Novice: 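Handing you a structure now.
Just so we're clear, the structure is a prediction, and the values are computed from it rather than from any experiment.
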Amino acid sequence: METLNQIGGNLNRGISVFYEIIYLCTYSLGYLPVEKQLPPDDTGLVDVLHEERKLGSLWIVQDAVNIRDRLAPKLKKVCGEFKGAHRMVQAGGTLTKENALQYFANLGDVIRAFSTQSQRLTSWTRQVELFHSKVQAKEKPFIPGREGYYSYQDAADKLGRVLEEAGKMNVSWAGLARLAEDTVKELEKAESSPNLIVKEMFLQAAAKQWEDIVKIAASITDIMKMS
């Protein structure tokens, strides 16, 4: 059984997408690249930058702040619980069934919360797709000597990077929730100590994954502080 290994790996990939989207919204959408400036003869690009910023701010205010203030702390708490349980079982300690059930119940809550955020990300991405199409339609033939100016192609590429990252959200949150729920049922039926179950499902590889999840959650908090 590799339940925790599988859940940990998928959670890791899932929140990595949220991190990249938040990073792009915080430091990319609405801002000129450091090596570019606005062309003096195309004020329409000012409107493009403004719309980029509106889209980026929409995700930050409605969703990224929630991830930072509510989900990231909960996720770190869950990771800490599993890491602690793993260390205790490895050291020969006994994990009570009540504690194990609570840990998986907490994990299920976090997974469902991220599932909701994933749905909201999909809705927001549709707005980015629409704007991306509009910007692409305004692309103009490249003129030599204009390398230092921001262009519609630059804006389209930037929006394309956001869509590319959002497209990596291929995690089945419903599947992860079912894994957590199935484990709860298995623990409830177990007549003996849940230690063996935890040892079987919490491989050493999984322990590393939970540590990585904590690092990503902390990074989300860090970039939001700097924005």
Side-chain angles (χ1 to χ4, degrees), residues 11-76 113-171 173 213 215-227:
L11 262 176
N12 195 321
R13 287 191 294 276
I15 66 166
S16 292
V17 172
F18 291 127
Y19 170 81
E20 292 297 336
I21 296 294
I22 293 170
Y23 184 88
L24 288 168
C25 287
T26 304
Y27 297 113
S28 178
L29 290 184
Y31 299 107
L32 282 173
V34 291
E35 72 280 4
K36 301 277 186 174
Q37 57 181 314
L38 283 169
D41 55 352
D42 196 338
T43 56
L45 279 166
V46 176
D47 295 333
V48 169
L49 280 170
H50 180 63
E51 189 63 28
E52 286 178 20
R53 189 70 238 138
K54 281 172 59 180
L55 282 170
S57 297
L58 182 66
W59 172 254
I60 290 172
V61 172
Q62 292 186 355
D63 300 281
V65 169
N66 181 54
I67 293 172
R68 178 195 67 186
D69 294 342
R70 295 182 65 250
L71 268 62
K74 286 183 179 179
L75 184 59
K76 288 193 279 188
F114 271 102
S115 176
T116 298
Q117 288 298 146
S118 180
Q119 294 166 21
R120 292 174 65 85
L121 175 61
T122 300
S123 297
W124 177 78
T125 301
R126 293 193 189 102
Q127 299 179 63
V128 178
E129 287 175 339
L130 288 172
F131 188 55
H132 183 246
S133 298
K134 291 179 182 178
V135 172
Q136 282 185 314
K138 294 183 178 182
E139 288 177 15
K140 299 177 180 179
F142 175 73
I143 301 173
R146 305 279 285 188
E147 293 87 351
Y149 290 108
Y150 195 60
S151 68
Y152 290 101
Q153 181 63 60
D154 292 327
D157 290 346
K158 187 191 297 183
L159 293 163
R161 285 195 296 274
V162 174
L163 294 173
E164 182 182 354
E165 291 303 325
K168 295 176 183 176
M169 185 59 77
N170 57 358
V171 173
W173 298 99
I213 291 170
K215 290 177 183 176
I216 299 172
S219 295
I220 287 174
T221 303
D222 290 342
I223 62 173
M224 290 291 291
K225 284 179 181 176
M226 293 188 290
S227 63

Novice: Rounded to the nearest 0.5 Å, how far does CG of L159 lie from CD of E164?
Specialist: 13.0 Å

Novice: Can L71 and Q117 be said to form a side-chain contact (heavy atoms from CB on, under 4.5 Å), step by step?
Specialist: CA-CA 10 Å; L71 268 62; Q117 288 298 146; 3.6 Å; yes

Novice: Do you know the tightest heavy-atom contact between L45 and S151?
Specialist: CD2-C, 3.8 Å

Novice: Supply the atom-to-atom distance L11 CG to I213 CD1, rounded to the nearest 0.5 angstrom.
Specialist: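 The distance works out to 5.0 Å.
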
Novice: Under a 4.5 Å cut-off applied to non-hydrogen side-chain atoms, are L38 and Y149 in contact?
Specialist: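 SC-SC contact between L38 and Y149 ruled out.
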
Novice: Applying side-chain contact (heavy atoms from CB on, under 4.5 Å) to Y152 and V48, what does each step give before you reach the verdict?
Specialist: CA-CA 8 Å; Y152 290 101; V48 169; 3.7 Å; yes

Novice: Between V171 and F114, does the side-chain contact (heavy atoms from CB on, under 4.5 Å) criterion hold? Intermediate values first, please.
Specialist: CA-CA 10 Å; V171 173; F114 271 102; over 6 Å; no

Novice: Which heavy atom of V17 sits nearest to which heavy atom of L121, and what is that distance?
Specialist: CG1-CD2, 4.1 Å

Novice: Are the side chain of D157 and the backbone of D154 linked by a donor-acceptor contact shorter than 3.5 Å?
Specialist: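 A pair under 3.5 Å: no.
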
Novice: Can you tell me how the ring of W124 sits relative to the ring of W59, calling it parallel under 30°, perpendicular over 60° and tilted otherwise?
Specialist: tilted

Novice: Quick check for you: to the nearest 0.5 Å, what is the distance between Q127 atom CD and L58 atom CG?
Specialist: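 Output value for this atom pair is 5.5 Å.
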
Novice: At their closest point, which heavy atom of I15 faces which heavy atom of I220, and how far apart are they?
Specialist: O-CD1, 4.2 Å

Novice: Applying ring pair (Phe, Tyr, Trp, His ring centres under 6.0 Å), which residue pairs with at least one partner in residues 33-57 are found, sequence neighbours left out?
Specialist: none

Novice: Are K168 and E165 close enough for a salt bridge, meaning some N to O gap below 4.0 Å?
Specialist: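 So K168 pairs with E165 through a salt bridge.
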
Novice: I need the minimum non-hydrogen distance between A217 and L75, along with the two atoms involved.
Specialist: CB-CD2, 4.3 Å

Novice: Please indicate whether Y23 has more than 12 foreign heavy atoms, meaning atoms of other residues, nucleotides or ligands, lying under 6.0 Å from its OH.
Specialist: no

Novice: Of the options L29, L55, I21, T26, which is the one that meets I60 in a side-chain contact (heavy atoms from CB on, under 4.5 Å)?
Specialist: T26

Novice: Indicate every side-chain donor-acceptor pair of residues 129-137 with a distance under 3.5 Å to a residue at least two apart or in another chain.
Specialist:
unit_1	atom_1	unit_2	atom_2	d
H132	NE2	A156	O	3.2
S133	OG	E129	O	3.1

Novice: So do the side chains of F18 and M169 get within less than 4.5 Å of each other, counting heavy atoms only?
Specialist: yes

Novice: What residue pairs, at least two apart or across chains, pass salt bridge (Lys or Arg N to Asp or Glu O under 4.0 Å) with a residue in residues 48-62?
Specialist: E51-K54, E52-K158

Novice: Got a sec: does the NZ of K76 have more than 12 other heavy atoms crowding it under 6.0 Å?
Specialist: yes

Novice: Does a donor on one side chain and an acceptor on the other come within less than 3.5 Å for S219 and D222?
Specialist: no

